[in-house]
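Everything below concerns the one structure shown next.
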Amino acid sequence: MKNTLMRWKLPLICFAWQLAMIILFGIFIRYDEESDAHWIETRKSHNISSALENDFYFRYPSFQDVHVMIFVGFGFLMTFLKRYGFGSVGFNFLIAAFSLQWALLMQGWFHSLDFSDGKIKIGVESLINADFCAASVLISFGAVLGKVSPVQLLIMSLFEVTLYAVNEFILLNVLGAKDAGGSMVIHVFGAYFGLVVTRVLYRPKLDQSKNESVYHSDLFSMIGTLYLWMFWPSFNSAISNHGDAQHRGAINTYCSLAASVLTTIAISSLFEKKGKINMVHVQNGTLAGGVALGTAAEMMLTPYGSLIVGAISGVVSTLGFIFLSPLLEKYLKIQDTCGIHNLHAMPGVIGAIVGAITAAAASEAVYSKEGLIAAFGLENRLAGWTPHIQGGHQAAALCVTLLLSLAGGAIVGFILKLPFWGDPTDENCFEDTVYWEVPEEEGVPLYSVHSNNTPPLKLATNGTPITNGTTHQ
Amino acid sequence: MKNTLMRWKLPLICFAWQLAMIILFGIFIRYDEESDAHWIETRKSHNISSALENDFYFRYPSFQDVHVMIFVGFGFLMTFLKRYGFGSVGFNFLIAAFSLQWALLMQGWFHSLDFSDGKIKIGVESLINADFCAASVLISFGAVLGKVSPVQLLIMSLFEVTLYAVNEFILLNVLGAKDAGGSMVIHVFGAYFGLVVTRVLYRPKLDQSKNESVYHSDLFSMIGTLYLWMFWPSFNSAISNHGDAQHRGAINTYCSLAASVLTTIAISSLFEKKGKINMVHVQNGTLAGGVALGTAAEMMLTPYGSLIVGAISGVVSTLGFIFLSPLLEKYLKIQDTCGIHNLHAMPGVIGAIVGAITAAAASEAVYSKEGLIAAFGLENRLAGWTPHIQGGHQAAALCVTLLLSLAGGAIVGFILKLPFWGDPTDENCFEDTVYWEVPEEEGVPLYSVHSNNTPPLKLATNGTPITNGTTHQ
Amino acid sequence: MKNTLMRWKLPLICFAWQLAMIILFGIFIRYDEESDAHWIETRKSHNISSALENDFYFRYPSFQDVHVMIFVGFGFLMTFLKRYGFGSVGFNFLIAAFSLQWALLMQGWFHSLDFSDGKIKIGVESLINADFCAASVLISFGAVLGKVSPVQLLIMSLFEVTLYAVNEFILLNVLGAKDAGGSMVIHVFGAYFGLVVTRVLYRPKLDQSKNESVYHSDLFSMIGTLYLWMFWPSFNSAISNHGDAQHRGAINTYCSLAASVLTTIAISSLFEKKGKINMVHVQNGTLAGGVALGTAAEMMLTPYGSLIVGAISGVVSTLGFIFLSPLLEKYLKIQDTCGIHNLHAMPGVIGAIVGAITAAAASEAVYSKEGLIAAFGLENRLAGWTPHIQGGHQAAALCVTLLLSLAGGAIVGFILKLPFWGDPTDENCFEDTVYWEVPEEEGVPLYSVHSNNTPPLKLATNGTPITNGTTHQ
């Protein structure tokens, strides 16, 4: 028997890491110019006429949308499992709350360290970037959902955030790639990282019949889907340049997502038995258009270009669920609980390619002279770049991301395979009762959702009122 | 037996229409000045000092609120049906995603076609208007919920969006009416259109006992209600003039909605058996105050005027559920699944009348000279208008809307009555299993929500673990 | 037997109070400068160059987030009770909708009465403050949840809003305390008020086994938790000064809340049986970091200071649920349904103390000269204040709040104890069926969630299809 007791391990790791965060924040993290009380004097010296010029007013609404996607979007999307709702929402909450703290530090060291005083200066854009990094971890979580302990998840988060920041630094700062909505940085990275981890943790005797939904769990999952779908325009435009780039990023993503919905439902009805629509596809394929615009959303992709990308990625993602996932499990031994290969990996790669092509095809006629410089940041070091060079670097960025995520996932997978992290037995996978106090008596389910292992007759025959549930005080 | 197989019909219509959208977007739709990369140069030539002057920052937060109303608000409001949750959320998702694309085109041709190059220029306000148009279709969906196939819904959407754009053009451009939150354009139009469609599709043998909720489906429905309720101030102010008009629209709607809550609960307790409150009324009547301010929200209605309108419309709407709906079904043969006559039709008419009166009563003393001109757009062609003329045109707009929606609904109803669209039999109405893969074994419900047709004893007697549910990969 | 019939009482009080609101709004409430149609002329005379300078654009996104917290956040947080979901969401809706109207009046008389014309001028900031006041009432509601009638709740709201406005006036205007996110004004006040009310209404024979959750009700509750958690940065910064103060308030709260999540889960796993995590703690303790920053969020607390406060309050709150709540019930006879002592009272006191210390430690070095004046409003009457004086006044504010809430709660508790308000019997506590039409047949549950009192066998033996549920028309 495996020892899944969390009593000492989980509190210890939570306390230790929170303490580390406090110490490191104390040493390194300070407010940036626009969130510091000195701003009233900074404004005067910089001749900023209005308080509205504070970046807070450009980005805070988008930040809150992204925040909802991380915690409600990802959290509820994964509640489709009939007996793993607490783990889906709860562990999502735990690892995202840790990841964003650690991301503020890691991304700060790489991107916003002020060398004059050795401090990281944070503002609303830092919060968005930290949430983005957490998203990447949550994508990986989708692959191993139901098969790992919270301790394993926290360890995975620690390493994945670290590597995420390295990859992001290489892509944005070294290669000069653009990836505002993170097709590569977030989706491709998080997906392949998670897929390798779940490959290393392969469980040959896993009972996939537990990887199932019930009627109401599918509705809870749709809450997650819809919030991801509705707020993806904010996600893809949250850190774009002020003005037209944010505006355009939202429009393109809006169009792309709409197209994904129609093609997802078309493919689902076409290939599922009796022509019925499968909720799994609706929960996931409809989002592919958002993933696939992660790189190009802020570019002059045009609305019809966005529709094309969204339509194609909805098709690819849904076909992946129907045909590819079973093959990946059978031949490559990849047990991908949420199907992140279909929702994040493939549409992410599409997004990277679309981004490279769109960048390579950019021209002054389409962007205007100044617009082109602003859109791709072709100043200073990059002043001489042509769109073709930009496109090439975008392609290189995809390769780097694939390499780093596969290698990183392998290493972390083997660390997580060590036998003392408290992972569940095969029988206990996809079961909340291992790590959570679940409101039901032993063997006597209050709730028939849980009744397929124990005959509900038991509840009838004993005849007495049964008191179960967690008492709230 | 009817043939409800969707395999070829649904994929075909989805693909065909998505392809048409791509082609038409390719021909017609481009970014507007503020979402185009040239904006950096436009700013200079127009002397716009700050990136914040981009319309994105005025309207994007409101747009996102409206977006939530369309997909979570309408989608979950309709999940009250115990066995039609997938259809409610899923078909809502499908037809809204199609309608907004088609609306961008239709509204674009009528409102924002740039005759210099024959292109429609879209920005964030276009997205809001497209969502508004989708809302109208979703209102009609509420009348036929559970009784039609997704193919019928897509066909209805195509025609309804078209006619919506025509009606909107007549009201706003020809008649010069004001209707920022769409009491007429959205609610009256969508409601009467849908009511006529459901009248034409009358099913004499429909078993209304299936049109029911269960405990948890009523809670899911409250998610929809609350998001509609909370974000209605954004809905009614989203496309108002910048500044005081948006500000005032939000305040008025906030007040009106609060009043609706108290009067709805009062009427429910007064007329329901044993003085108990009925969830159906809370889910719907509380929203009447938002509908009824759709025209006047941006006007100088005053906060107490808003309270009066909200209080009255809560009363009217709830009385409609209790007394009028049964009569409409019995005598007029209108089977209105969600009670849209009570939530949208009557409060919408109230809203149109309130708008006409408020407009007719406008004066320079209340608005200031410039304020009056700005509020009603009394420039150019309308320069000589008095408030009385405006009020008259508002009333005319209501009549046009009623005419067009009734006529349009009748025609579309007869089209939908053609026998090859795959609508369900009377027995299969309000049943997800017709069009959706539902996670349960044949005849053996996992979930007692569905157990009223099959004795759960079966589950007890066979004794073996039952594996059901859709397997996620 | 108690008479819980609501037929005449509830409609009467709803209509009477709504009518009173309409009359008082008619006499007193008008648009402020920025929501009045005259603003177009005001802008010119004040030389305001952009429509964006309207306060609407500074605060409306935050307002909408706060609005979601009030209605979905508080509403769904309380749906954990297995048979009280309608009451949780529905009564939350009712009393919030009344409280915010009454708060607009009460807060208006105390804070924004224009003595030149005797009118209260409202704008978006007034709406936020009204929502804040409603939050305080909803906190108190958490203590008495499931044990009172809607009439009692409306009476409690009337008195509590009144006293809230008095306390707020003393704190902010007389004592010059700062409390932008309401650690004292909202949380300490609402919590101790509610705790005393529930103490006075003590039910010695209450069956606490009904104060329980089921699996899906815990998931509904997590919707509430997550929306409170995600939007708390908006809550704590919604009415702060424009610019850096709003920006900083959001960052600090974001950090604090993240830390609470880790320490809450650590403590839960450490002390619960078998080291399993308890959903009650996750639903509540994770939010303590937001409450505890209600006073200091806008101050220069630093990000690591925020982490420390969040980590500690997560620990304190969760320990409270495990150890303190049973003692409060046993020895002080405080039956606190939602555990508001742990979520609001203790973290609120922590927040008040943190605020006092942070204010006392403020310096020109940290804030800059002008920044210090702006942050604490040290102008006019307060021009000579030092940070130490400010800190002292913050501490005094806490004492005043404690006194007023305890005294007010006692008085209101005795009023609510009068025998004719229709409160439920002990057996009917935590039961929706008393005040709501619940979709199930007498004694034959459709839904096994409710089946622990009646054997579901009954459903099997009668064998016939059972039609239950509320018919929607």
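Quick note: numbers below take in every heavy atom, side chains included, and nothing from hydrogens, waters or symmetry partners. Numbered from 1 within each chain, the chains take letters A, B, ... in sequence-line order.
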Which atoms of [X] come close to chain B, meaning under 4.5 Å heavy atom to heavy atom: side chain ones, backbone ones, both, or neither?
{"X": "C:Asn92", "result": "neither"}
{"X": "C:Phe220", "result": "side chain"}
{"X": "C:Gln101", "result": "side chain"}
{"X": "C:Phe93", "result": "both"}
{"X": "C:Lys9", "result": "neither"}
{"X": "C:Ile13", "result": "neither"}
{"X": "C:Phe76", "result": "side chain"}

Exercise. For chain C, find which of B:Asn252, B:Leu257, B:Ile334, B:Thr264 contributes the most heavy-atom pairs closer than 4.5 angstrom.
Key: B:Asn252

Quiz prompt | Interface residue of largest heavy-atom contact number with chain C, from B:Ser237, B:Ser268, B:Ala258, B:Ala245, under 4.5 Å | solution = B:Ala258

Could you tell me which portion of [X] (side chain, backbone, both or neither) has an atom closer than 4.5 angstrom to a non-hydrogen atom of chain C?
{"X": "B:Leu324", "result": "neither"}
{"X": "B:Phe231", "result": "both"}
{"X": "B:Val366", "result": "backbone"}
{"X": "B:Thr286", "result": "side chain"}
{"X": "B:Ala259", "result": "both"}
{"X": "B:Ala362", "result": "neither"}

Quick check for you: among [options], which has the greatest number of heavy-atom pairs under 4.5 Å with chain B?
{"options": "C:Leu19, C:Ile70, C:Leu100", "result": "C:Leu100"}
{"options": "C:Leu10, C:Leu5, C:Val68, C:Ile29", "result": "C:Val68"}
{"options": "C:Ala97, C:Ser50, C:Gly90", "result": "C:Ala97"}

Self-check item: Contact check, side chains of C:Tyr60 and B:Pro233, non-hydrogen atoms, under 4.5 Å
Solution: yes

Quiz item: Are any non-hydrogen side-chain atoms of B:Gln335 and B:Leu206 less than 4.5 angstrom apart?
Solution: yes

For [X] and [Y], indicate whether the former's side chain and the latter's backbone hold a donor-acceptor pair under 3.5 Å.
{"X": "B:Thr337", "Y": "B:Ala143", "result": "yes"}
{"X": "C:Arg30", "Y": "C:Ile122", "result": "no"}
{"X": "B:Ser306", "Y": "B:Ser256", "result": "no"}
{"X": "B:Thr263", "Y": "B:Ala311", "result": "yes"}
{"X": "B:Ser317", "Y": "B:Asn342", "result": "yes"}

Are [X] and [Y] an aromatic pair by the rule of ring centers under 6.0 Å?
{"X": "C:Trp39", "Y": "C:Phe56", "result": "no"}
{"X": "B:Tyr254", "Y": "C:His67", "result": "yes"}
{"X": "B:Phe323", "Y": "B:Phe271", "result": "yes"}

Exercise. Evaluate the ring planes of C:Phe86 and B:Tyr215, with Trp represented by its six-membered ring, and classify them as parallel (under 30°), tilted (30 to 60°) or perpendicular (over 60°).
Key: parallel

